[in-house]
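Only one structure is covered here, and it is reproduced in the block below.
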There are 2 protein chains.
Amino acid sequence: MPPADPVREPARQRDLRERNLATVLARVAASSTDDGTAPSRAAIAAATGMARGTVSALVDALLLGGLVEELPPPPRTGAGRPANGLRLSGRRVAALGVELGASHVVACVRDLTGAVRARASVDSVDRTGPPERVLGASAELAVGVLADARAQGLDVVGGAWALPGLVDSAAGRLRLAPNLGWRDVDVLALLSAHPGLEGLPLAVDNEAALAAVAELWHPGDSPGGESFVLVTGEVGIGAGVVLDGRPLRGERGWSGELGHVTVDPAGPPCGCGARGCLEAYAGQEALLRRAGLAAERAGADALRRAALAGEALPLAALEQAGRALGVALAGAVNLLDVDAVVLGGACAPLAPWLAGPVRAELAERVLRARLLGVPVRVSATGSDAAVMGAAALVLQRVLDAPAALVA
Amino acid sequence: MPPADPVREPARQRDLRERNLATVLARVAASSTDDGTAPSRAAIAAATGMARGTVSALVDALLLGGLVEELPPPPRTGAGRPANGLRLSGRRVAALGVELGASHVVACVRDLTGAVRARASVDSVDRTGPPERVLGASAELAVGVLADARAQGLDVVGGAWALPGLVDSAAGRLRLAPNLGWRDVDVLALLSAHPGLEGLPLAVDNEAALAAVAELWHPGDSPGGESFVLVTGEVGIGAGVVLDGRPLRGERGWSGELGHVTVDPAGPPCGCGARGCLEAYAGQEALLRRAGLAAERAGADALRRAALAGEALPLAALEQAGRALGVALAGAVNLLDVDAVVLGGACAPLAPWLAGPVRAELAERVLRARLLGVPVRVSATGSDAAVMGAAALVLQRVLDAPAALVA
DNA sequence: CACATAAGTTCAACGACAGAACAAATCTTC
DNA sequence: GAAGATTTGTTCTGTCGTTGAACTTATGTG
């Protein structure tokens with residue numbers, strides 16, 4: 001009795017073209033990331049096995065759509081007619097990303113090459129205000145960068161908001177956000193109704209998941225089909241899981257709640273009501289308190305300075321937080337068999353003190369560690385990871401389904 | 001800088017047909033599972049949006065290939081020409097599954113409808129012998145059921161072996177199996193060379209992952225796109241993860257090592273070298289020892305009888321094992337956002353005592369539990385789960401890519 | 001300057017689906 | 001009981017997208 005599989009949609013002729021457009025576009029994107037060489041039509045045909053004529057037709061469509069451009073100076077090599085190099089074009093397609101950070105809001109527009117073409121941020125936003133107000137402020141910011149981008153001739157094809165908490169991205173709702181004090185907010189409806197955003201396709205997603213997308217897009221990473229868990233410690237602790245180069249969504253988009261994985265069932269109480277959650281050890285509040293820095297408002301920076309100064313209490317707190325993180329991550333690796341662990345968000349600046357204990361726990365607790373170690377990397381994406389990832393999410397959709405923009 | 005995505009293959013015309021054959025086949029399979037009704041060509045066309053003529057052509061191919069059959073008595077309903085019902089045919093295509101169990105080896109052949117058409121098992125196999133001997137014994141068994149199936153006119157299109165440990169299914173190797181004492185065995189090569197198995201496409205996979213496939217195929221489950229974690233406690237504790245109706249593989253096929261997720265970092269030592277792994281609480285050996293039954297060889301049965309008799313020590317051990325299981329599973333649900341947790345393998349008969357503590361820990365430790373509870377089900381698949389799943393894995397490939405059998 | 005070589009374009013052919021017309025089988029109604 | 005209605009299944013033409021080969025273009029080599 002085979003299981004029902006209602007997801008399967010029939011394929012039509014235009015789906016063929018859709019997919020092959022994406023194939024060609026992916027080759028252009030991959031080559032420019034990999035080695036800086038701009039592939040020619042013939043090279044793409046050879047690499048994919050498609051007929052040269054087909055590739056030419058598809059490339060023409062992509063050129064016309066402004067997704068791809070030809071390199072004006074053809075790099076000459078050996079004999080024969082020189083090839084026309086192709087690369088992603090940053091001239092037309094762009095995407096908006098917005099992040100509701102701990103105490104600030106950031107918005108940016110990235111073009112198809114990933115370059116940031118417009119950016120704005122507001123500090124000291126009152127996150128505890130009603131959702132309408134906070135989201136409205138972010139929408140204002142978005143309208144501003146949109147205008148900036150459009151003045152550059154960019155066609156912003158969509159936008160994504162990075163939010164902390166349990167985000168139901170299919171429904172466009174923020175179901176639960178302890179750090180914002182929100183519960184079941186229809187973010188998509190509020191934003192879509194905002195003046196200046198009407199008609200723009202919008203999406204919402206969890207900030208950690210989007211930070212993982214940013215990590216995937218960041219240059220310098222080992223390319224292709226990679227899998228990792230990215231830890232993003234801001235106020236809470238989240239994780240973005242990437243399997244086979246694709247972010248793991250979960251049934252409702254609520255995956256990656258690493259902060260509430262149990263480290264010690266009899267451990268200290270956590271804000272969620274349980275005991276011994278990772279956040280109770282490595283969350284910002286717990287970490288600062290254990291380091292004896294609770295009174296100060298400075299946060300992670302102060303902790304970093306104290307650690308650099310060699311103060312005993314902060315170092316002990318970081319050691320313990322690293323061990324707790326390692327225990328939780330070991331569970332994740334045992335369950336998911338990802339290639340690597342990446343320390344991002346607030347963990348990145350603290351990595352000099354966290355990485356050691358994390359590595360030690362992973363080596364001891366991951367079953368496969370005997371066969372294959374678990375590399376611990378530090379994210380090269382800065383504090384803008386979530387915004388960058390939000391825009392990248394939209395761009396990734398363009399890369400996956402370019403036909404809509406090629407008409 | 002978009003990430004490289006080398007996985008994307010170009011689509012050809014025949015891929016269209018391949019996929020639409022699978023679409024039609026999936027509809028036939030789903031309807032017969034869902035409600036017992038046999039869909040007609042017209043119904044499939046209406047449901048999928050394909051043209052009736054196209055569906056007819058595809059159905060003809062499937063009929064010719066022996067994957068589908070028409071119901072001889074057309075069920076008459078209202079007005080108009082009566083529809084010809086279609087259902088999966090068990091007459092031609094079948095698949096072999098083999099399991100290396102704790103002390104026995106089982107082999108079975110299932111036809112495309114999932115029905116078991118041949119089965120054989122050997123008890124008291126010496127698992128500690130060299131891989132050649134143990135695998136050879138399983139291959140003998142397989143050859144026997146293959147002959148049985150072929151005598152019934154079945155075309156066995158492939159086989160899969162369920163193995164305990166870290167299985168690299170892409171390479172066909174068992175990398176590490178503590179319970180067998182094996183390390184890096186080229187299972188696929190050994191089996192493929194066995195007389196009587198030459199030429200048969202074979203696969204190897206982890207027993208827990210395959211048990212999850214069996215769970216997915218078992219009638220009575222909520223159909224379609226479901227996601228769950230299936231716990232299979234035999235000697236060790238494994239887990240099969242299903243997301244969106246598809247087994248989660250992991251980068252190397254080593255996912256689902258729930259047994260070595262940390263429950264308490266300072267807990268009792270585990271065979272793997274770490275402390276406080278789930279297996280150190282709920283593994284068979286640990287569980288029996290804590291229940292005061294270590295001396296007996298009987299195993300889980302004895303524990304069940306003792307619990308039924310109300311003995312204090314066994315009940316306490318089960319309570320503690322259930323709590324440990326709940327802690328580990330809560331971590332898995334937080335990370336993966338699966339719909340449900342399923343107790344299978346040796347956990348199924350002990351579910352009356354395990355389910356309560358598991359539910360309690362999940363309710364406390366899963367962040368989303370406030371919004372949406374985590375149902376704990378007991379697997380309806382019997383002790384043959386892994387063999388059944390092994391055969392189902394091969395059948396699933398047929399359902400996913402039927403074109404190869406339709407010529 | 002002729003030839004070799006490789007890139008890119010054009011075009012007939014083929015495979016697959018869409019949509020409409022048609023045939024078949026049953027029910028309904030007078 | 002016969003004609004019409006209704007729904008299923010088949011057939012056929014049209015269209016779309018890819019293939020493969022022939023052709024053109026642009027460059028290097030002898």
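Every chain is numbered from 1, with letters handed out A, B, ... down the list of sequences.
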Checklist line | A:Arg17 side-chain proximity, nearest of D:dG17, D:dT27, C:dA16 | finding: D:dG17

Check: Of the nucleotides D:dT8, D:dG20, D:dT18, which one has an atom closest to the side chain of B:Ala42?
Finding: D:dT8

Check: To the nearest angstrom, how far is A:Arg19 atom CZ from D:dC16 atom C1'?
Finding: 18 Å

Margin query: From CG of A:Asn84 over to P of C:dA6, roughly how many Å is that when rounded to an integer?
Written below: 17 Å

Next item on the list: Sequence neighbours left out, what passes salt bridge (charged side-chain N to carboxylate O under 4.0 Å, His left out) with B:Asp205? Give chain and number order.
Entry: B:Arg249

Next item on the list: Rounding to 10 degrees, work out the angle separating the end axes of the helix from C:dC1-D:dG30 to C:dC30-D:dG1 (five pairs an end).
Entry: 20°

Check: A:Asp15 CG to D:dT15 P: how many Å, rounded?
Finding: 20 Å

Item checked: Separation between CG of B:Asn20 and CZ of A:Arg12, rounded to the nearest 0.5 Å -> 8.0 Å

Check: Of all of residues 53-64 of chain B, which get a heavy atom below 4.0 angstrom from DNA chain C, listed by number?
Finding: B:Thr54

Notebook entry, point to check: Between C:dC17 atom C1' and B:Ile44 atom CD1, what is the distance in whole Å?
Noted result: 16 Å

Item checked: Between P of C:dA7 and CD of A:Glu70, the distance in whole Å -> 14 Å

Next item on the list: For A:Arg52, check side chain to side chain contact (heavy atoms under 4.5 Å, CB included) against everything at least two apart and list the hits.
Entry: A:Ala42, A:Ala45

Next item on the list: Just jot down the side chain to side chain donor-acceptor pair (under 3.5 Å) partners of A:Asp155, sequence neighbours excluded, or say none.
Entry: A:Arg92

Next item on the list: Establish whether the base of C:dG8 is bridged to the side chain of A:Arg52 by a donor-acceptor pair shorter than 3.5 Å.
Entry: yes

Checklist line | C:dA16 OP1/OP2 closer than 4.0 Å to side-chain N/O of B:Asn20 | finding: no

Item checked: Of A:Gln13 and A:Ser40, the one whose closest DNA chain C nucleotide lies more 5' -> A:Ser40

Note to self: What is the distance, to the nearest angstrom, from the CE atom on A:Met50 to the C1' atom on D:dG20?
What the structure shows: 14 Å

Check: Mind checking what makes side chain to side chain contact (heavy atoms under 4.5 Å, CB included) contact with A:Ala61, not counting sequence neighbours?
Finding: A:Arg17, A:Leu21, A:Val406

Check: What residues form a side chain to side chain donor-acceptor pair (under 3.5 Å) with B:Arg81, not counting sequence neighbours?
Finding: none

Note to self: Nearest whole Å is fine: how far is C:dG15 P from B:Arg14 CZ?
What the structure shows: 11 Å

Next item on the list: Rounded to the nearest 0.5 Å, what's the gap from CG on A:Leu202 to CH2 on A:Trp161? Could you check?
Entry: 5.5 Å

Next item on the list: Not counting sequence neighbours, which residues clear side chain to side chain donor-acceptor pair (under 3.5 Å) with B:Arg91? List them please.
Entry: none

Item checked: Residues which pass side chain to side chain contact (heavy atoms under 4.5 Å, CB included) with B:Ala392, listed by chain and number, not counting sequence neighbours -> B:Arg110, B:Val213, B:Trp217

Notebook entry, point to check: What residues form a side chain to side chain donor-acceptor pair (under 3.5 Å) with A:Ser89, not counting sequence neighbours?
Noted result: A:Glu69

Report all interatomic pairs (protein N or O, nucleotide N or O of nucleotides 3-5 of chain C) with separations under 3.5 Å.
from: C:dT5; atom 1: O2; to: A:Gly80; atom 2: N; distance (Å): 3.3

Note to self: So, does B:Arg12 get its side chain near the phosphate of D:dT19, meaning an N or O under 4.0 Å from OP1 or OP2?
What the structure shows: yes

Note to self: My understanding is that only one of B:Leu67, B:Val28, B:Val93 makes a side-chain contact (heavy atoms from CB on, under 4.5 Å) with B:Leu88; could you say which?
What the structure shows: B:Val28

Check: C:dA25, C:dA7, D:dT10: which one has an atom nearest the side-chain heavy atoms of A:Ala83?
Finding: C:dA7

Notebook entry, point to check: Does B:Ala171 have any side chain to side chain contact (heavy atoms under 4.5 Å, CB included) partners at least two apart in sequence or in another chain, and if so, which?
Noted result: B:Asp168, B:Arg173, B:Arg175

